[in-house]
Amino acid sequence: MAPDVGDHLSPRARFAQDLADRRKAARMTQSALALRILCHESLVSHVEKGRRIPTLEFARGVDKAFGTDGHFTGLHERISQSPALGWFARWVEEIEPQAVILQSWDPLLIPGILQTAGYARAIFSAATPPDRVEERVQARIRRMRIFDSSCPPAFLALIDEGVLHRPIGGPGVLAEQLRYLLDLTCHPRITIQLVPVAAGCVAGTMSAFALARLRDGAEVVSADSVLSGHVTGDHEAVMRLKQRYDTIRADAEPKNVTPRAIEDAIKKWTQ
């Protein structure tokens with residue numbers, strides 16, 4: 001994952017960029033740095049590319065190698081405390097940017113990657129300390145950048161029809177979110193299908209989840225639970241959720257039905 005540019009780097013992206021900059025300024029190869037901090041060369045490469053979260057031991061080793069007086073251990077602490085991370089960190093920062101196909105199911109909300117700032121803010125405001133809400137909102141909005149990459153993934157979102165009629169944030173916020181969602185139905189890499197309430201869809205009532213196929217052919221899933229979530233590449237877990245996804249999709253409306261349904265919902269919330 002290429003780090004963001006400018007002053008709005010996440011702590012993890014800042015760690016990756018500063019590590020590469022310090023190493024190159026010292027005219028040191030990744031192999032030489034790995035020898036100095038007693039780790040494998042591939043770990044240095046993965047951290048610089050943002051594919052691995054640095055450990056505290058790694059951060060301390062880098063500070064010692066470059067004499068940076070706690071700079072990297074400080075960044076590690078910020079990474080650990082970042083509300084954008086937690087159990088979902090691996091999915092957002094390591095899985096999504098490497099995916100060629102993403103699939104998601106959500107019975108209660110617009111998928112996070114497709115949310116507007118207002119809609120996301122309403123969600124986070126309910127359970128996040130006020131001083132961290134905006135950071136989480138911006139982290140969520142940044143996820144759409146994967147569709148601006150040179151090799152964007154194909155994304156199929158299955159959404160329960162009831163989500164269009166759940167006024168998260170109030171009618172105005174939901175209407176804005178639905179207009180944005182309507183625009184996304186024209187995106188060449190995004191397919192949105194609604195699962196009608198009348199379908200019952202027992203298979204989808206348990207939780208939201210997502211699947212990803214990566215560039216190397218590996219498959220990974222994430223699944224929500226009441227208190228947290230789980231990201232895994234376990235074959236049995238992947239197969240089980242793929243089967244559930246297919247069952248849910250069998251109940252979905254054709255994708256050309258989605259724009260009209262969204263338009264009808266917008267009229268409802270703007271009257």
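Connection of L211 to F147 is not established within any shared hydrophobic cluster, with ILVMFWY side chains joined at heavy-atom distances below 4.5 Å, either directly or through further cluster members. Tracing side-chain contacts under 4.5 Å through hydrophobic residues (I, L, V, M, F, W, Y), one never reaches V221 starting from I95; they form parts of separate clusters. A continuous path of ILVMFWY side-chain contacts below 4.5 Å connects L102 to L109, so both sit in one hydrophobic cluster. Follow the hydrophobic side-chain contacts under 4.5 Å out from V163 and you reach L114 in the same cluster. By the criterion of side-chain heavy atoms lying less than 4.5 angstrom apart, applied directly or through intervening Ile, Leu, Val, Met, Phe, Trp or Tyr residues, V173 is grouped together with M144 in one hydrophobic cluster.
Between I101 and P153 the shortest side-chain heavy-atom distance does not fall below 4.5 Å. Residues V220 and L214 have side chains in contact (heavy-atom distance under 4.5 Å, counting atoms from C-beta outward). Between E219 and M239, some side-chain heavy-atom pair lies under the 4.5 Å cut-off. Proximity of P259 to T185: side-chain heavy atoms (C-beta onward) are separated by under 4.5 Å at one or more points. By the 4.5 Å heavy-atom criterion applied to side chains, K24 and R27 are not counted as neighbours. Two residues are said to be in side-chain contact when any heavy atoms from C-beta on lie closer than 4.5 Å; P254 and Q193 fail this criterion. Side chains of V44 and C39 form a contact here, defined as non-hydrogen atoms less than 4.5 Å apart. The shortest distance between side-chain heavy atoms of L182 and I266 falls below 4.5 Å.
The nearest pair of heavy atoms linking L158 to A252 is CD2-CB, 4.2 Å. The two residues I37 and G61 have their closest heavy-atom pair at CG2-O, 3.2 Å. Considering every non-hydrogen atom in both R166 and L108, the closest pair reads NH1-O, 2.7 Å. In terms of heavy atoms, A212 sits closest to A99 at CB-CB, 4.3 Å. Considering all non-hydrogen atoms of both residues, T270 and A175 come closest at CG2-CB, 3.8 Å. Across all non-hydrogen atoms, the minimal contact from L241 to F209 is O-CE1, 3.6 Å.
The structure places CG of L38 at 12.0 Å from CG of L43, a figure rounded to the nearest 0.5 Å. Atom-to-atom distance recorded for E41:CD and H46:NE2 is 10.5 Å, nearest 0.5 angstrom. Taking CD1 from I262 and OH from Y180, the interatomic distance works out to 12.5 Å, rounded to the nearest 0.5 Å. Note that the CG atom of L164 and the CD1 atom of I159 stand 7.0 Å from one another [nearest 0.5 Å]. Here the CD atom belonging to E176 is positioned 12.5 Å from the CG atom belonging to L181, to the nearest 0.5 angstrom. A distance of 6.0 Å separates CD1 of I113 from CZ of F155, quoted to the nearest 0.5 Å.
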Query - Q17 and E48: CA distance, side-chain angles, deciding distance, side chain to side chain contact (heavy atoms under 4.5 Å, CB included) verdict - result: CA-CA 7 Å; Q17 180 169 299; E48 286 191 0; over 6 Å; no

Requested in this report: Apply the test side chain to side chain contact (heavy atoms under 4.5 Å, CB included) to residues L194 and V257: give CA-CA distance (whole Å), side-chain angles for both, the deciding distance (0.1 Å), then the verdict.
Outcome: CA-CA 8 Å; L194 298 175; V257 172; 5.9 Å; no

Report task. Assess whether side chain to side chain contact (heavy atoms under 4.5 Å, CB included) is satisfied between V195 and W105, documenting all intermediate values. Result -> CA-CA 10 Å; V195 177; W105 156 249; 3.6 Å; yes

Report task. Would you please test D63 and F58 for side chain to side chain contact (heavy atoms under 4.5 Å, CB included) and show each step? Result -> CA-CA 9 Å; D63 272 332; F58 183 93; over 6 Å; no

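Between the side chains of Q115 and Q177, not a single donor N or O lies within less than 3.5 Å of an accepting N or O. Under 3.5 Å, the side chains of H71 and D18 contain a donor-acceptor pair of N or O atoms.
Atom CD of Q138 is surrounded by more than 12 heavy atoms from other residues, nucleotides or ligands within 6.0 Å. Taking a 6.0 Å sphere around NE2 of H40, one finds it holds 12 or fewer heavy atoms contributed by other residues, nucleotides or ligands. By the 6.0 Å contact criterion, CZ on R260 is open, its count of non-hydrogen atoms from other residues, nucleotides or ligands being 12 or less.
Under the 30°/60° scheme for interplanar angles, the aromatic rings of F66 and F72 are found to be tilted.
Residue pairs meeting the side-chain hydrogen bond (donor to acceptor under 3.5 Å, both in side chains) criterion with at least one partner in residues 147-161, sequence neighbours excluded, are absent. Judged as a salt bridge (Lys or Arg N to Asp or Glu O under 4.0 Å), the pairs with a partner in residues 115-131 (not counting sequence neighbours) are, in order, R121-E134.
Between the side chain of T258 and the main chain of I192, a donor-acceptor pair closer than 3.5 Å is present. Between the side chain of Y119 and the main chain of I168, no donor-acceptor pair closer than 3.5 Å is present. Between the T128 side chain and the S125 main chain, no donor and acceptor come within less than 3.5 Å of each other. Judged purely by atom type and a 3.5 angstrom limit, T232 uses its side chain to pair as donor or acceptor with the backbone of D234.
Using a cut-off of 4.0 Å between Lys/Arg side-chain N and Asp/Glu carboxylate O, E263 and K267 are scored as not salt-bridged.
For F15 and H76, the gap between ring centers reaches or exceeds 6.0 Å.
Side-chain contacts under 4.5 Å among hydrophobic residues (ILVMFWY), followed directly or transitively, place F124 together with V133, V137, I141.
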